[in-house]
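Just so you know, these numbers come straight off a predicted model, no measurement behind them. Residue numbering restarts at 1 for every chain, and letters A, B, ... go by the order of the sequence lines.
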2 protein chains.
Amino acid sequence: MADTLIGRRRSILQETRCQTCSLSSLCLPLALEVDDMDQFDAIIRRRAPLKKGEALFRQDTPFSSVFAVRSGSLKQVTTEGSGEDQLTNFYLPSELVGLDGIDEQHYPGTVVALETTTVCEIPFDRLDHLAESMPELRGQLYRSMSKELRDDRRMMRLLSRKTADQRLASFFTSLSERFRRRGYSPYSFRLSMARADIGNYLGLAVETVSRILGRFQTQGLVAVSGREVNILDLPALTRLAEEEGAH
Amino acid sequence: MADTLIGRRRSILQETRCQTCSLSSLCLPLALEVDDMDQFDAIIRRRAPLKKGEALFRQDTPFSSVFAVRSGSLKQVTTEGSGEDQLTNFYLPSELVGLDGIDEQHYPGTVVALETTTVCEIPFDRLDHLAESMPELRGQLYRSMSKELRDDRRMMRLLSRKTADQRLASFFTSLSERFRRRGYSPYSFRLSMARADIGNYLGLAVETVSRILGRFQTQGLVAVSGREVNILDLPALTRLAEEEGAH
DNA sequence: ATGGGACCATGACCACGATCAAGAAGGAAA
DNA sequence: TTTCCTTCTTGATCGTGGTCATGGTCCCAT
């Protein structure tokens, strides 16, 4: 009875079940059997959609859950002692937020919605408990963390070896690829983040981002209008992104 | 009988058992009960010590094990398409190498010994199998990966916001702290890596590393002679490391 | 509609650190 | 030892991208 009530409430709010989620092929439960997925379903918690600018959680609050992005997008920002904010990541649907909080048992940054965003909350202790009996889930969890490690290394490479143009080109090709994998157009999309966010993320001043976007435009690589982006020459952009160093 | 033979051979070669390893309080088996530690012991494999310059594994070879550093130190280097090598990490005793290979099932970089180095090989499938029945081990594994994520984010911050001086200062304070945690002097140590490695890691030209080391010297922050380092004013160095941006 | 604030574009200038160049010092092998 | 090669230091120059400054544009609330 309690089950049906909960079931009812969920389906009224919005579909929460992984089995019918269009992201399931990219998300954590990937590779789970139907039975396992039901169990997994049972532990995830829906949260009310976040409005633009709202925080999913704040830096230094105790770690308790990881979150899978269902729709929308978020940014992670860390503030350190004397310094300015540093934007360390953007999260798109199916990506897992909060994994870097496990070690110290608090979140190392504030995660903020860039637009209206829904997430699935996955209490970590229950996730771990399930993982005990589900090798597939365990593997997927390792893989998520491992992937994030690899992505971080890519980012370090970008930050330490690429010119401003190459950084912007990487940013666009990476976004393009992530949209493609999620079934959206890899050529035409809307940026949910401000120029300042892009600059902060890429280690560039806002002005530089603007200037280079302008240059890309005149070079016929992309057409940018506000936050609408049309990628006109993806191969050229990819080439640029994969170059490194001065010239 | 086989047991005793193996046991004998091990203790002749060198002590491999976690229980008597001086690093056990920092390493993976941290927090394991005695019984569990025995099981853990049983799956790790000793490798012949690596000589300076030898590779533990090479980029793109299939992932099979993670490695715990027992003594010595290593660097991880990734080569990408057209680009130059990028040094993404230094590993010290008790640290875990290879975790970023899980996702794509091959190692994303070549790991090379900076000096004579011994490691414990931990076959990942067996580690995962043990983790199934040992929540503590599982937790420790998550924590290791999570910590690496956090460290990576710190590195990104360094690369995108810090000046050359601040980077060098961070590098020294970080090394100092890592030595301290391992029971070595935090003030006096020997660098196992070349200036070029430091520069590559920090996103600086070798020449810049040299120059700034010189400057640190005249400022009385450190005394450097070749690869011997004496930290003279750790507080000042720490202050510098924690600053950010231009002035 | 209109005003105000955030966001974005563009110009002028300058500094940090890369690059080029040369030489010194360290270290391994004969 | 001497040789040779790698590693390190120091100097001179230059370019990318940061900073400062200004004006334009978008968007939202009233």
Can you tell whether the side chains of [X] and [Y] come within less than 4.0 Å, N to carboxylate O?
X      : Y      : result
B/K147 : A/E104 : no
A/E115 : A/K52  : no
A/R157 : A/E244 : yes

Taking atom [atom2] of [N] as reference, at what distance in whole Å does atom [atom1] of [X] sit?
X      : N      : atom1 : atom2 : result
A/K162 : D/dT16 : NZ    : P     : 18 Å
A/L168 : C/dC8  : CG    : C1'   : 14 Å
B/R195 : C/dG26 : CZ    : C1'   : 12 Å
B/E228 : D/dC8  : CD    : P     : 13 Å
B/R215 : C/dG17 : CZ    : C1'   : 10 Å
A/E244 : D/dT16 : CD    : C1'   : 17 Å
A/D197 : C/dC8  : CG    : P     : 8 Å
A/R161 : C/dA18 : CZ    : P     : 10 Å

Mind running side chain to side chain donor-acceptor pair (under 3.5 Å) on B/T173 and B/T238 for me, showing each step along the way? CA-CA 6 Å; B/T173 53; B/T238 306; 5.5 Å; no
Other residues, nucleotides and ligands only: do more than 12 of their heavy atoms fall within 6.0 Å of CZ on B/R58? no
For residues 200-212 of chain B, which residues have at least one heavy atom under 4.0 Å from DNA chain C? B/G203, B/L204, B/A205, B/E207, B/T208, B/R211
Phosphate contact (C/dC8 OP1 or OP2) by A/R227 side-chain N/O below 4.0 Å: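 The answer is yes; a side-chain N or O of A/R227 sits under 4.0 Å from OP1 or OP2.
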Given side-chain contact (heavy atoms from CB on, under 4.5 Å), test B/L92 with B/V69 step by step and report yes or no. CA-CA 6 Å; B/L92 295 189; B/V69 184; over 6 Å; no
